[in-house]
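Everything below concerns the one structure shown next.
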Protein chains: 2
Amino acid sequence: MIHPRTLRVDYDQTTGVVCVVGSELNVNLNRSAPPSSRFFSVKCTYSVQYSISSSPQQTSHLSPIPLNGNSVLLIRMSRASQHENDSKLSVRYYGESKEVLGRAVLHLTAVEISLDVDADRDGVVEKNNTNKGSWKWGPNGHGAILLVNCDSEWAYRKKPDREQDSVSKVSDLKDMSVMVLRTRGPAKLPEGYKLTMHISQGDAESVRVFRSRISQTKNNTLPEKLFYKYFVKDYPLVLSSEVLSQEVPYVGGAAEMTFYVEGLRFPDQDFSGLIRINLSLLEPIATGLPETPIFTDTVALRVAPWIMTPNTLRPVEVFVCSTSDNYQFLKSMKNLVAKSGYKLKICHEYMNRGDRWMQDEVEFGYIDSPHHRFPVVLDSPRNGELLDFPYDELLGPDFGYVTRAAQRKDVSSLDSFGNLEVSPPVTVNGKHYPLGRIIIGVAFPTATKGRNMTKVVQDFLWAQKVQEPIALFSDWLYVGHVDEFMTFVPAPDRKGFRLLLASPDAGYKLFRGLHNDGHGQAKLFEGLGHEEPVTVDEILNDGGLQAENNYVQSCVDWNRDVLKRELGLDDQDIIDLPILFKLVVQDEETEYRAVAYYPDMVNMIVLGKNLGIPKPFGPKVNGRCALEAEMCSLMEGLGLSCTFIDDFASYHKLLGEVHCGSNVRREAFDFKWWNVEM
Amino acid sequence: MIHPRTLRVDYDQTTGVVCVVGSELNVNLNRSAPPSSRFFSVKCTYSVQYSISSSPQQTSHLSPIPLNGNSVLLIRMSRASQHENDSKLSVRYYGESKEVLGRAVLHLTAVEISLDVDADRDGVVEKNNTNKGSWKWGPNGHGAILLVNCDSEWAYRKKPDREQDSVSKVSDLKDMSVMVLRTRGPAKLPEGYKLTMHISQGDAESVRVFRSRISQTKNNTLPEKLFYKYFVKDYPLVLSSEVLSQEVPYVGGAAEMTFYVEGLRFPDQDFSGLIRINLSLLEPIATGLPETPIFTDTVALRVAPWIMTPNTLRPVEVFVCSTSDNYQFLKSMKNLVAKSGYKLKICHEYMNRGDRWMQDEVEFGYIDSPHHRFPVVLDSPRNGELLDFPYDELLGPDFGYVTRAAQRKDVSSLDSFGNLEVSPPVTVNGKHYPLGRIIIGVAFPTATKGRNMTKVVQDFLWAQKVQEPIALFSDWLYVGHVDEFMTFVPAPDRKGFRLLLASPDAGYKLFRGLHNDGHGQAKLFEGLGHEEPVTVDEILNDGGLQAENNYVQSCVDWNRDVLKRELGLDDQDIIDLPILFKLVVQDEETEYRAVAYYPDMVNMIVLGKNLGIPKPFGPKVNGRCALEAEMCSLMEGLGLSCTFIDDFASYHKLLGEVHCGSNVRREAFDFKWWNVEM
């Protein structure tokens, strides 16, 4: 859209004017006419187009036309000038008897200016996209994309690249969005005119712009191997939180100047993610007076959100901790991961310092743009002994890092990322969530007290927008994590997955069946050494345990109802797993909270079609664990293979299981986040 | 929309269940069946409706039907119970040979619960509006409205009512939104069940809820005279930033309990204005365990924005200051206001302490809802000697007060509200602004330094949303206010108004015409005593002054282009007023900024069709001031009457004029802000 500019013209003077191709100059003829003017005429060189508003009449110096109060002269130029002032236009003013009262002469210089980004999201910076100044979600949307430069080009002595205000290595440019300033015009701009790039105070906290000094190429992006020919000093900083406006050089002729735009902040409660960068042509006035912007071109970019990966995506790497007491567990995990064909990464004791809860310290996700994509770890404010692992071991070239700092007093067990999961893609009442929905656990909304996930992390998760979170009730659990009662597994039918829920009712039904079939004396926890075995009948006769499990079932059911509603699930999309809990008094409080009675099978690791499930040590029937048999029977129909992993001593007794003790980095979605309909 | 609740049922037990009318209970029959169950049957009293999911079959204890993995029993109740447990439902489970394996019995109590607000915006709290939980803009929109309780019921020893957490006078209830809890059911709820009202932590900063103890009436709102029969203690505080969740009494039978919702904060950068209030029915579990919310009803309310009133709205009161030196000015203003038929309010010297800039300290606006509307003054962080006026003189019953605190160092002359104006309603490229658009002045976006309006005030203005602001360039002026170069006057044609702009070009054209007509020796500033008269020819021969005015014209033109674009104006909607400026060096800086050369006629007061215009003291032709004559001729065509007010010594010489020295409180728009299309 063309925004006309009002141009002042003095009669009996020659005025030098710069006109940007594609823009329009408006001269208010009446206001600038000599007093008593009644007619006017216009003449110009072929390179100039003009028209008169509210007058269909043509005019030339041979045929003046009447001047009225609203006569506006509209001037355009269709191509860039070769030389300064190479185009001319003159206006003559006439009195009542067509005597000449005055003459205004314009010497015009036309320039082409276009600030360009990849507004159509195809990885190439096209020229002057008409939508480049705005941003729209969806497959028919537009607007460029920006990554937070949260990886580190340096594997040693590292910090996230966004924390330094220079290009730390030339390879760092790949993490930035290319922006091109295309200009065409005379060898230099008329005296005093200049180009300025600028951002608002608000946007300046979120973005930095570097310029490439490397000579103007016709290509938008340098071939990768060329990167390494150049040096860091070739990329001076143009805009930052310190410098909101800076002159950029004008290069004569047809020129392309490359800029690199670096995102500094993820979307958050106070930042939508949208930023704008402007390029203005300034007209000089006089010393002591600010130059006037006479043309401004604007591009819009949105910072890519941090995206989580559900169990249905293909694994890349599995992470577990090695501790002094988990050799057997580690061996089982190695076998499972090897069998599944993925990479196992072991976090050794010098780094984990005995903290085995790999699930809780970090959440793996990624950021994506048409030009680049890389994994990003979200570091929990939990800050256990695994504290240094994400920064020291994960952050590196093309591996980003983000965290949210919380006050120690605001952090609870619910801030561990066993309490942060994500569903597979779902459609709810016609609304698509092609990247699924984030799931966290908190206290009941009606609770007058209770634990919560800390506000800074919740704000961050909600602000990413593309995986709109769901808050479940997890404060009924001693540890308080959603992964203690739910998970998702892939399925060949229906919505492509099943929701698995821990169900004491299903557990009691199974045990009652065993009793009815004469297996009431079968024992749980057999052969575990330090654990006292318990018979099926002892469990069934324990009225207190039954009451506790009724309560647990009602807590899970409350969440079941929320999940059905918020994920658009039917009962057929949900599988109840036979798991019992028991209540324990939580430290010095008078409140009771739940822990798993036997290894909590829902707390599994999902590696494609292979499930690594906590070995439940259930009652044996004909030599086979009845709980394992039930689990296998429930999963087999989905084409899933169950591997039971003994985590009893090293995880279960410490109130966690296989899922709590592992983490999986997965492949990104094929679906592009900018195609989400908002 | 009905969100079903999963209900746990034990066989061989009787379970007491509370069911909210309109909700649905789902019993997972298979999960709660005795092992080996193959068939089931259901029987119930007439007050209960049930169906079986995925089964079209009917069942009774005489004709059991097969049980499968997904058999879910759906239970509804259509009317409230008279007595606790007055409805019954039983399920029987059968084995392979139809032998009975178990029986589950439910004793049901139905209650009706509806938390209601005026979601259809007609001033009446209707029952259970299906849209009450969400908020939508526009004439087909819905969602209740909330006022910030920013007036003071007390005229003396006052503070805004929102600053105290009790109902300060019963009349205070009129500023609040009525919310009604309607319940119907047995005399009391089954043991341990209770009702709880709750809000989120985020919303709690923005809202307070009081309850009326006054007995349940069938009317939603008390007749006004009844208000005064009751006492403040009859309205206990239910929810606040300290109490996010509180039990509310259940009254048996058909009951209506009235609540009053009070807004505490205007929309701002960190607050959209939308809040939600929830009412849950809690089910008891056991001591030490949190009660489970088994039904939640939610209402949405949006805080009314602060709305400004353009010159085209009818005036109510005119405010001016009385100072030791402005007797003549005051007399002229009195006459004009009396002639126009409005009220004049004089701020006396004990209050203004010599600060005459009534325009700059405050901006009048209002807040509106279907139940109540009152004026609200926005107090500028300027804080001149008029500092106490808005709080001490304006705040009172049904007169609200709002301000934004800024650091002293962040406040500049651009924070005075001569720099805050609002356009009449406009339509721009098809987008309607039925309440006009706010206009402020700042530095050029390209400037590396310059004055700005402080961020807290800008954030506030943008957050109101319904009068989306436009930022102009006003930093070229010494004082820096948009009212120094622009105003709006009503017009009978076109868009209903004209934009008036100060125009040095129009001024020079007029003076050149005078010269050409032989009036070059006519004098400006004649008879002003201390002011040296200047002839028309002296002005025309002053090349420096001409250059300065060329610059001023280009600054005004830059704003003209922005206003044309952002208000959708044509040149015919704009009138250029003949006004000259001059540049002066701004304190100790090397920068030049503009002040009016003679009284700045655009800085006028608009009272309906009467304009109070600074008397320009222009050159006289045949005994009449040529500037006044031109002004009258330009305005007469619009049916406007010009009164020229001598403000030379007492305002103009102090760098302000009539508009700077006055303020007008105007009537509200007929258009309701919630009907704006967003």
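As a basis for the values below, the full set of heavy atoms in this structure was taken, side chains included, without hydrogen atoms, waters or symmetry mates. The structure displayed is predicted, hence computed values, not measured ones. Quick note on labels: first sequence line is chain A, next is B, and so on, each numbered from 1.
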Taking side chain as C-beta onward, heavy atoms only, is [X] less than 4.5 Å from [Y]?
X: A:L279; Y: A:M197; value: yes
X: B:Y193; Y: B:E283; value: yes
X: A:P504; Y: A:Y551; value: no
X: A:D576; Y: A:R560; value: yes
X: A:S280; Y: B:F444; value: no
X: B:Y11; Y: B:L101; value: no

Just give me the residue among [options] that pairs up with chain B most often, heavy atom to heavy atom, under 4.5 Å.
options: A:I199, A:D10, A:T196; value: A:D10
options: A:H198, A:R31, A:Q553; value: A:R31
options: A:N30, A:I294, A:V562, A:T296; value: A:N30
options: A:N550, A:V243, A:D570, A:N278; value: A:N550
options: A:S53, A:P35, A:S245, A:P293; value: A:P293
options: A:D475, A:T292, A:N516; value: A:T292

In terms of heavy-atom proximity below 4.5 Å to chain A, should [X] be classed as side chain, backbone, both, or neither?
X: B:N28; result: side chain
X: B:L282; result: side chain
X: B:N26; result: side chain
X: B:L514; result: neither
X: B:R512; result: both
X: B:K449; result: neither
X: B:S503; result: side chain
X: B:I285; result: side chain

Would you compute the distance between atom NZ of A:K564 and atom CZ of B:R5 and round it to the nearest 0.5 angstrom?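 If I round to the nearest 0.5 Å, the distance is 12.5 Å.
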Note: [X]-[Y] ion pair, threshold 4.0 Å (strictly below):
X: B:D557; Y: A:R8; result: no
X: B:R276; Y: B:D203; result: no
X: A:K455; Y: A:D410; result: no

Under a 3.5 Å cutoff, is there a donor and acceptor pairing between the side chains of A:Q458 and A:N452?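 Yes, side-chain donor-acceptor contact under 3.5 Å.
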Residues A:S32, B:D505; criterion side-chain hydrogen bond (donor to acceptor under 3.5 Å, both in side chains); working and verdict: CA-CA 6 Å; A:S32 46; B:D505 276 4; 5.7 Å; no
Identify which part of [X] has an atom lying under 4.5 Å from any heavy atom of chain B, answering side chain, backbone, both or neither.
X: A:E291; result: backbone
X: A:Y508; result: neither
X: A:F271; result: neither
X: A:L583; result: side chain

Taking every non-hydrogen pair under 4.5 Å, which of B:I574, B:L289, B:D571 racks up the most with chain A?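 Looking at each option in turn, the highest pair count goes to B:L289.
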